Amino acid sequence: MNTIGILWLRQIKRHYRSKARLIGSFSMPLLFLLAFGFGFGSIYAQAGQGDYFQFLVPGIISMTILFTSVMSGIEIIWDRQFGFLKETLVAPVSRLEIMIGRTLGGATVAFAQGFLFLILSLFFGFRIISWTMLPIALLFMLLIAIFFAALGTAIASLLDDMQGFQLIMNFLIMPIFFLSGAMFPIDTAPKAIQIISKFNPLSYGVSGIRNSLLGVSQGNIWFNLIILFILAIVMLVIGSKLFSKMQV
Amino acid sequence: MYFLYQKQFKYIDCILFRQNNLIFKVDKMNKENIIEVNELNKSYGKLQVLKDVNFSVKKKSIFAFLGPNGAGKSTTIKILTTILQPDTGKVLINGNNPLKDSDKVRKDFGIVFQDPSVDEELTAYENLDMHGIFYRVPKNERKKRIEELMKIVELWDRKDELVKNFSGGMKRRLEIARGLLHYPKVLFLDEPTVGLDPQTRNHIWDYIKKVNKREGTTIFFTTHYMDEAEKYADSIAIIDHGKIIDIGTSKELIKKTKTKTLEEAFIKITGYSIRDEEASTLDRMRMMRRRH
């Protein structure tokens, strides 16, 4: 095992050992799914839009991944406060290895959470229409996880304490979630929201997961996949640049 | 005059330098020294925290680095351990420059920081194992070494417990074991016994002496407990206001100041006044540095 491997494993161990973290990362998406899925479902159907629950599940999967991956990136602030960051920074390993190991670990955890949520939603009545496209949906989930874990790392490298954290959640993560098309269809939303969503990385992921799971062949699945792939790489580069400049 | 003097000797085999009317001799590239520090300067903004710091540490010795709060101890340790860059000056650790060959230097030292730096949500064993992987200690070797060290610091029977359930003393012992895992040539201990009861302090010093004897690890430590320096250090350097004021064995320092204990000698050398101001300015500087 090497540095990247052990830091990857560390993220996974930390996540699954903490019951609070595990429950926390499930309860919020579950609440959203049940409250909105069953609450708004009838209105959505009355408006002639079809099955809202089917529409919502891919959005909530994205939400699970978004929250978990950003949180795992931001955990670097904890490491700094608890001193563990110093231990990694005086070790004869490069900052790039540290960043990649951590980020991939966080992304793996977030992906696993999303996958578990997908299985959970099957018990609540979600139907996967296109099983052959399932691997593509999983690939989208993984790319979202990598992108947002790297984003979390980048943000944490700029913050020096937990005070800025609430700000980030309110002014970055929540808007990213609400304006991604996770909760409502973007193409019938006001023009402004449509434009904003074009700049929102999550909206490519949400639409990718939804189209592949529901078998909607709108032809833009591959385009979304490429965009998200490029964004994930770019964010990894930005994250590692910022991380390597971070002062202890 | 003094500069000329220095320049002449710099390229021969030793450097003579004066500070506070004392002349020290530092052997250049001496094979017996594991740490050599020459003319080290460091400022945070306008505040100069290190002024022409010179000292050397002999291989396999126990070296105490003493000074009041804000004297420049932590800054020196940070420079020696590659965390901080000096403004000017030369540092060699086991013949390598921390700036140029930082990875070589990093392999040669172990460090126990002033504040805990273990991962509390992993077990004691996992913490050590991860450290071994960072330092590329081969798997079988790692296993043996972890068992050996955990037995020395008397934590082997609690190896699978999460570190967050450990007491302060246990964490410190774990960190000492971790610092030694990759067979470092030097172990830096930044106030290793602060906040611990006398029993634990004694135990910790027993481990440190044992390792120093058995493996020939050089020990570089800072402390505010003068009795520790008096009892365990082969050589002592006293730093104040960023300058080395005196270097010698505890006996020499006591004799020179005509006092009875090292504590009295230390106070005589560094003065009676409390150093809150320097410390807080420094802390403020550190805070500012972190923000940027």
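Because the structure is predicted, anything quoted here is derived from the model rather than measured. Proteins come first, then strands; the chains are lettered A, B, ... in the order of their sequence lines, and each starts at number 1.
Side chain of B/Arg136 to backbone of A/Pro92: a donor-acceptor contact under 3.5 angstrom is found.
Counting heavy-atom pairs closer than 4.5 Å to chain B, the top-ranked of the candidates A/Arg10, A/Lys13, A/Glu87 is A/Glu87. Contact count versus chain A (heavy atoms, under 4.5 Å) is highest, among B/His182, B/Lys107, B/Lys139, B/Arg178, for B/Arg178.
Both the backbone and the side chain of B/His131 come within less than 4.5 Å of a heavy atom of chain A. For a residue to count as touching a neighbouring chain, one of its non-hydrogen atoms must lie under 4.5 Å from one of that chain's; by this rule A/Ser18 touches chain B with the side chain only. In this structure, chain A has heavy atoms under 4.5 Å from both the backbone and the side chain of B/Leu122. With a 4.5 Å cut-off on non-hydrogen atoms, A/Leu7 touches chain B through its side chain but not through its backbone. Of the atoms belonging to B/Glu175, not a single heavy atom falls under 4.5 Å from chain A. Contacts between B/Phe113 and chain A at a heavy-atom distance below 4.5 Å involve the side chain alone, from C-beta outward.
Annotation for A/Ile6 and B/Met130: closest pair CG1-CG, 3.8 Å, computed over non-hydrogen atoms. Between A/Phe84 and B/Val118 the shortest heavy-atom distance is CD1-C, 4.2 Å. Annotation for B/Ser117 and A/Gly83: closest pair CB-O, 3.1 Å, computed over non-hydrogen atoms. Residues A/Thr3 and B/Ile133 share a closest heavy-atom pair of N-CG2, 3.9 Å. A pairwise comparison of heavy atoms in A/Val93 and B/Phe134 identifies CG1-O, 3.4 Å as the closest pair.
The environment of B/Lys59 atom NZ is dense: over 12 non-hydrogen atoms of other residues, nucleotides or ligands sit within 6.0 angstrom. Counted within 6.0 Å of CG on B/Asn140, heavy atoms from surrounding residues, nucleotides or ligands total 12 or fewer; the atom is thus considered open. Taking a 6.0 Å sphere around OH of B/Tyr225, one finds it holds more than 12 heavy atoms contributed by other residues, nucleotides or ligands. Heavy-atom contacts from other residues, nucleotides or ligands closer than 6.0 Å to NZ of B/Lys104 number 12 or fewer. Other residues, nucleotides and ligands contribute only 12 or fewer heavy atoms inside 6.0 Å of the CZ atom of A/Phe82. Around atom OH of B/Tyr207, more than 12 heavy atoms belonging to other residues, nucleotides or ligands sit under 6.0 Å away.
Between A/Arg17 and B/Glu121 no salt bridge is recorded (no basic side-chain N to carboxylate O distance below 4.0 Å).
In this structure the side chain of A/Lys86 reaches within 4.5 angstrom of the side chain of B/Asp115, judged on heavy atoms.
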query: Given B/Asp119 and A/Arg14, is the side chain to side chain contact (heavy atoms under 4.5 Å, CB included) satisfied, shown in steps?
result: CA-CA 10 Å; B/Asp119 187 337; A/Arg14 281 172 67 96; 2.7 Å; yes

